[in-house]
Amino acid sequence: MLNRWLKLAVVVFAFALIAAACGNDDDDTPAAPEPTAAPTEAPAPEPEATEAPAPAEEEAPAEMTVPDNPDNGVTSDSIRVGWMGDLTGPTASSQSFNSHGSEAYFECANRDGGALGRMFDYLPEDDQFNADNAAINFTKLTEDDKVIALVGLGGSHISTQLQPDIETLNLPVIGPPQTIDIQLEGDQYFNNLAHYGDQADLAAGHIGATVGGIENAVVMGISLEVPSGTEFAAYVEQSVIKGGGTYVNTLYVAPGATEVTAQMVELQSAIDDQGVNYVTLHGSPGAGLVVMQGMADVGITDVPIIGIHGIAANSIWTEGPPEVSDETFGIHSFLTANNDIEASAMMEECASLAGYDGEHLNLNFAHGFLNGYVFHQAVERAAETGELSRESLTEALKGSFDTMGITCPIDWSAFPYHSQCGAAFSLDAASGGMLAANPFAFYADSFDGEYGIEIG
Amino acid sequence: MLLAFGNFTADPSVNLQLLIGGLALGAIYAVVALGFVLVYKSTDVLNLAHGEFLMLGAYFALTFLISENLNFFLGVFVLLLVMLVFGLVVHYGIMRRMVGQGFFAIVLITLGIATIIRALLLIFYGPTERARLDLLPQGSFEVGGATVRHVDLVIFGVVALCVLLFFLFFKYTRLGLHMRAVADDIEAAAAMGIDPDKVYAMTWAAAMVMAGVGGLLFGHVTGAIDRSIEAIGLRAFPAAVVGGLTSLGGSIVGGLVVGVIEQFANGHLGTKWREPVAFSVMFVVLLVRPTGLWGRKDLERV
Amino acid sequence: MSGGGLDLRIQDLTVVYGGVTALDNVNITVPSGGFVSVLGANGAGKTTLVRSITSLLYLHKGRVRRGSIVLGGESILGKKSPDIVSAGVAQVPEGRKLFPNLTVKENLLCGAASRSDVSGIDESLEQTLELFSQLRPLLSQTAGLLSGGEQQMVAVGRALMSQPTLLICDELSLGLAPKIVHRLFELLTEINETRGTSILVIEQNASLALQHANDAYVLELGRVLMEGSATELKGNPMVQELYLGGGGEAHTSYAAIERPSRSRPLEHGQRPPVTES
Amino acid sequence: MSDPILSFDDLTVQFGGVRACDSISGSVERGSLFALIGPNGAGKTTLVNAVSGVYKPLPGAKVQFHPNGEPIKDLLSYRPYQIARLGVARTFQNLGLFMGENVLTNLLLGRYIHEHTRLIEGGLFTRRAVKRELAARAAIERVVDLLDLGAFKREPVGDLPYGVQKRVEFGRVLAMEPELLMLDEPMAGMSVDEKQDMIRYIYSAQDELDMTVFLIEHDMGVVMSIADHVMVLDFGQKIAEGTPAAMQQDERVIAAYLGTEVEV
Amino acid sequence: MTATENPAAQQADQTYRPSTLQRFLPFVVAAVVPFILGATTDDLNFWWKAAITIAILALVARLAWKWTPRGELTHREDMRLWRTPSDRSWAALTMFGLLVLPFILASDFTPPMDFPWATWFAVVNLVLIFAMGAAAFNLLVGYSGQISLAHVAFLALGSIVGGIVGVQWSGGNMWLALPAAALAGAVVGAISGLPALRLKHLYLLLATFGFHFVMMLVWREYLQEYFGFVGIRFKGVNSPRIASWLHWLPGIDPDENGEFIITGQFRWYWVLMPITVLSILFMVNVIRTREGRAFAAVRDRDVSASLLGINVARSKLMAFALSSAVVAMSGVLASFYIGSRGEDSFNVQTVLNYAIIIVVGGFSSIQGAIFGSAFFWFLPEWFKWAREELWFVRDIEFLSDYPSEIDLAIKGFLVVIILMFKPDGLAGMWRDFKNWLSRSLARRNP
């Protein structure tokens, strides 16, 4: 009986030996980086000066190389960059466009030769808005794929949960889909979306411009009943009151609610009693539609709405009741391809190249697209230091970047690194895309950098 | 402010509006509860996938009535036909093999079905939300300062009609009689030459048609058609239980009662109280009368 | 009414539930127009026999491992129960198994589930009500509220509604007063004689069954212990002792069992204190 | 010298409109073998259910249990589990066994009231818990020996033949070491040999373990041979009571129980 | 009655009886070797390590098989968790596997075809957390038969207690939060179990589901009140750490700042694995002793159980309390491991996920919960990898167009298929496999 076991052990050993022999061949490749030639001094093109549609490809000089850094996602033929977010969960209807935007950009860039002689390896990971999935995806992206940076980073609770790790890993995060206070504590987040506090200020500014001075405004907030909804409502209240307007109350809508009769009753009586003349809206496009349909049902069609960036989705206007949506605005910091911007043609082309025809008219798509473009620029700028790593990329990100007009000029040279522009958007019926009510400059005053509300 | 209460108001028109909103919501709950009751009554299955079935109905309605732009009646016919076939598929493909399995296993297999439906809808319709349907009469009128939508009245009518039809069907048709017999005692029914398999298949088909009707109706009142509308399945549980899981008429009463209670909780206590209050009502009914207000009571002997 | 019942031949039937054998090599024949009774105590496998014939084993996770069941020359093993009912087998299940929430009339109509001739069903209903005239005023009563005897009548009537050629009665006498049972058995005999329906009665009450049947089988622990004509079995001392309440000599065998001598001391465990509630 | 261990008085149990037991009175002598007979549906099991606390009888009933050396207990004021702890154990007509568990586990459940391991102790598997478990198993071993169940100890009960299952259930109530053993048709479905064995087991319980036996049985032969005292029920009513010999002669018993046989 | 008095046991004494040393040696080997391997073979080529591991694996299993008592077992032997040769060798192997796993996963091994190596470490840690919660859930639902959907409420309770005790009061002391959560879970669990005294099956399911929503209301109120918009942060400054007076322990090398923070998959594994294993062991022990037997009795036939002297009400409440306590503990672990908890962590989908886990794993056994959670987390990762690396999968465009959607669909299909064709789930398959293995081995070694 023992003999059989002995035989088995021998076989196993033999197998292991053979496997080991084979394994040796494989394992030799990722050896220590050879001391490559010192990085060429040939400067990368000045980002600001780069011509719009194809930022690097004309110049992309063959001699401009950086050593491989497999631990930071830079291999001999690829640069790995990750995206985390919700592709099939409850917020997929906005976040998936963001991923599509980045993917479209990288498809285009790879078609045009990539960067530094390498192709972008874009790795989107779906967390279904679930913290446990996000933990796994983060591990995969940072420890297995060893990405050099993240473009996009799921919901706010996921930002919260990953913040210590992102800091430890020195991992730059470009363009998370929302700016929350916790991101402003870290040195790794490069937001190109305005902070909730700024968005609330912007909303107040827009309201003021509409009703003839903020002091005439009587505002009612409607928020999704999640922490960020409370947060946005608190900012709006702060902004409106600071300007001398009246903030009546915040109505909450449960996530997944399909009708809002009770909220509308309260809104109606507030309109009747207190003369509410503006509504601010927080939530996903789905929740926004529910509120708008509810307003249409009870006939509140003459009170304009302004919502946060989640509301600035095409479906709000294409699917919502026209009598309400024609007075609805959504705040966002990006311009879509139908606006007269440099990147218009490129966004459209890249979208169809990646198989996402028509999505170039979506603001979240533009956001993702810009994330990719900024990453591309930063990579090339970081390469100038002779080393492409998370650290050098982080340093490279602390500067200003070309935006091809998709958003206002980015300047992350001073902390905090977040966008200082935004506008109120609505649908342009002619093109099917989003159009800003006023240029970014119109709202520039709203960006006062005041935020951080303590509650409790 | 641990438990922040909303502002109480004594304004009668507000309460009237809440009542009307509650009844409108309750009518939808009744449609869903009717689907639960149909399946539970004859097959003893708690169908956790009913919300998904309803969602399927709503999306199919989008396809047939909006995208394909079929004539309303033709479109509805096609919709219900597709749902009926789908019901047969669910029975013959899956549920048939589950006869005799444990209660929880059967509950969970419906969960598996729900997951599959969700995935398929995501694949074929994508995550973007759609506008509500607008094929039934739109518009509204005022009663004592409160708005009543025409659609709500249509829904009331359709729900009442469905219950009446089911009642007549169960009372006066042979198949209905056989379904009731199977619900009472499957073994005796089988011994009498009633094919339980066929009856179950018909039940699933009927429930699915009901979900199709429900999806069509719900598609007219929900704010947006997206994947979150499947939650209506869970939210209608209290309605089904309060009415009694075995009573068709009970599902209407349960639906209306729960709808109104929810709406008042929403209006007077705040939206976060909605589900806790609804489920608490259900809980109290369960403790006081475990078979619901109209459910039948089975004598248990040792 | 259909003339002449079909004959039923059960050969080498072995039925198992999970790992437990409930019937073991059972051979039973019901001749055309015959009246056969199967006797047996609780757990002897009587109900399993009925379930095997009517193909309802699957509801109890049982299956036929071996053997054949042939009705009128055609195998009915593996057919679905509605087909078996259509083939002419009707049963009065153990414990009546009425549909308690249905009315008497609805219960009776359920018995005709396998038929499609509407006028024929009405006719059968009329005939059944003639047979059980007590049921006529109760037609719209909910079946669950009837007395035991009435319920059993509904059950028999329900079985007759399918115009069976073979009627199986499982524990007809259970919980009924002897007078009613007697009346029911007389009805069965009448049906057997006038309609020619073959009848298979499964009974614990041996005296009754043996009195009315022509042939009988004794089932014990899933096996056929004895078989023969009813009169033969009635005279069998073992049957007398087992089922007819004594009188035979075998009776003393229990009295002769020795009481064991008191060999071991008692060790009662400590019981937990119980407080009155 | 009357020393009843159990007496019940005016016991009525009603289901819907049906009186399954109609004001039945009687008493069981300590140490005796009391048999309850009657046709199917006569209310025998209902009576046992009422005594063991499963069914609540109508008010006015009185059920008294007199454990050895303790004051008389009014069983109606106890819950079923408390009645079991007082020393009344019963078997079920249709087997109250846990079919998925093996014989050992089923028997060990019979020791539940004698073991005192708490949840935490059990979870931590403390020395004391192990000791108690071993003690319980030793007690089980005695029952296993007595009932010759050694060969089946680790078999799931559901896979065993009916006769053995009946024996396991009997073993389980023996393991409870009750003073009053209520057996609901323990011999149903058994062959003559098995019945003889079962009677020996009942004798053992009675004589060696000092239990009083309350037996429901269908087989007249058994009852007439072994019972000390017989009560006959029919349609929920007591129709006769006395020694087996007297019952065999009683006209009412013959009429009701052996019903049709007489009429012919 | 001891073994010597028992004739059957006397007979058994003639069969093989290993010494105590022999019996424990495989387990000792299993426990020690991984550490030696982990400590000494850092510089070795991975394949050597694998070879040694496999060889030792074979040896441990072999010894465990050989040194198992044969023949009729005494009761003391019968009470062991692992009594048959196959039980013992599997147990030893599992132990060996659990101990060696972190070293393998922490190695810088690059598997062929870009198999995501480090990801599996995160997955394994999550599986441990989920296995603990699912096992407790299965104890309640599968083993005790009390159908409850309130367990995610207890995860939330764990997070709340973790937030109050672990974060607010003690600034990241998870060790304090764990027992506190267990206590709170037991108390609230017993209360939430009260409906079980009156309701069964479907109705109990619905009633407990209502409890879920009530708990969510509490969570929502509590969270915003005390922790602001971003939720409770259990990471960073609040990361759990090993108290300084324990730094002498082998393997605990404090960081430069003199603290030993539990961070990173490797350290977390050594926190999660023992807690999970011990709590599952605790539940298994409960099942095989008096109160656990009572749970099963109440599940199968509560009337019959009460006539055995079991206080059915008390037994049901105890099942609820035990299950909830363990679930709350797993809630604390999950909170600290993941780093923050929001409302989204406790939605209805999570309730259903746990239900899927125990059903797929196997309703009838605690083991099933472990299989189920492994299945639940491994499968999507494996799919992800297969889609990216296996050529015959990669080439199917449909799969790469709808990756997550198809994962979801496959998950649903598997639930349906397992329930239809193998109702005792993965645990049942495993049992069948083991039986087949022992049978075929026994045939060869008569």
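Hydrogens, waters and symmetry mates are skipped; everything else that's a heavy atom, side chains included, is used. Letters A, B, ... are given to chains in the order of the sequence lines, protein chains preceding strands, and every chain is numbered from 1.
- D/Ser27 is linked by a side-chain contact (heavy atoms from CB on, under 4.5 Å) to D/Pro4, D/Ser7, counting only residues two or more places apart in sequence or in another chain.
- More than 12 heavy atoms of other residues, nucleotides or ligands shown are found within 6.0 angstrom of NZ on D/Lys56.
- Of all non-hydrogen atoms in D/Ile120 and E/Phe282, the two that sit nearest each other are O-CE1, 3.9 Å.
- Residue-level contacts of residues 286-296 of chain E with chain D, in order of numbering, are E/Val286, E/Arg288, E/Thr289, E/Arg290, E/Glu291, E/Arg293, E/Ala294, E/Phe295, E/Ala296; threshold 4.5 Å between heavy atoms.
- Top candidate by heavy-atom pairs under 4.5 Å with chain D, chosen from E/Leu281, E/Asn311, E/Leu278, E/Asp300, is E/Asn311.
- Rounding to the nearest 0.5 Å gives a distance of 11.5 Å between CG of E/Asn285 and OG1 of D/Thr117.
- With sequence neighbours excluded, no residue satisfies ring pair (Phe, Tyr, Trp, His ring centres under 6.0 Å) with D/Phe65.
- Within a 6.0 Å radius of NZ in E/Lys434, more than 12 heavy atoms belonging to other residues, nucleotides or ligands are found.
- Between the CZ atom of D/Arg111 and the CG atom of E/Leu308 there is a distance of 12.5 Å, given to the nearest 0.5 Å.
- Neither the backbone nor the side chain of D/Glu121 comes within less than 4.5 Å of any heavy atom of chain E.
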For a side-chain contact (heavy atoms from CB on, under 4.5 Å) check, start with the C-alpha distance between E/Leu307 and D/Val54, then their side-chain angles and the critical distance, and finish with the verdict. CA-CA 8 Å; E/Leu307 293 171; D/Val54 179; 3.7 Å; yes

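- At most 12 non-hydrogen atoms from other residues, nucleotides or ligands lie less than 6.0 angstrom from CZ of D/Arg128.
- In the displayed structure, D/Arg118 atom CZ is contacted under 6.0 Å by at most 12 heavy atoms of other residues, nucleotides or ligands.
- Options D/Leu124, D/Thr105, D/Leu108, D/Asn106 differ in how many heavy-atom pairs under 4.5 Å they form with chain E, and the most are formed by D/Leu108.
- Applying the ring pair (Phe, Tyr, Trp, His ring centres under 6.0 Å) test to D/Phe170 and every residue at least two apart in sequence or in another chain returns nothing.
- For the pair D/Tyr81/E/Val312, no side-chain contact is recorded, criterion being any heavy-atom separation below 4.5 Å from C-beta on.
- Considering all non-hydrogen atoms of both residues, D/Phe98 and E/Ser304 come closest at CZ-OG, 4.0 Å.
- Only the backbone of D/Leu97 comes within contact range of chain E, with at least one heavy atom under 4.5 Å from a heavy atom of that chain.
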For side-chain contact (heavy atoms from CB on, under 4.5 Å), just list the numbers for E/Val303 and D/Asn49, CA-CA rounded to whole Å, side-chain angles, deciding distance to a tenth of an Å, and then say yes or no. CA-CA 10 Å; E/Val303 175; D/Asn49 277 334; over 6 Å; no

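- Of the atoms belonging to D/Val130, heavy atoms from both backbone and side chain fall under 4.5 Å from chain E.
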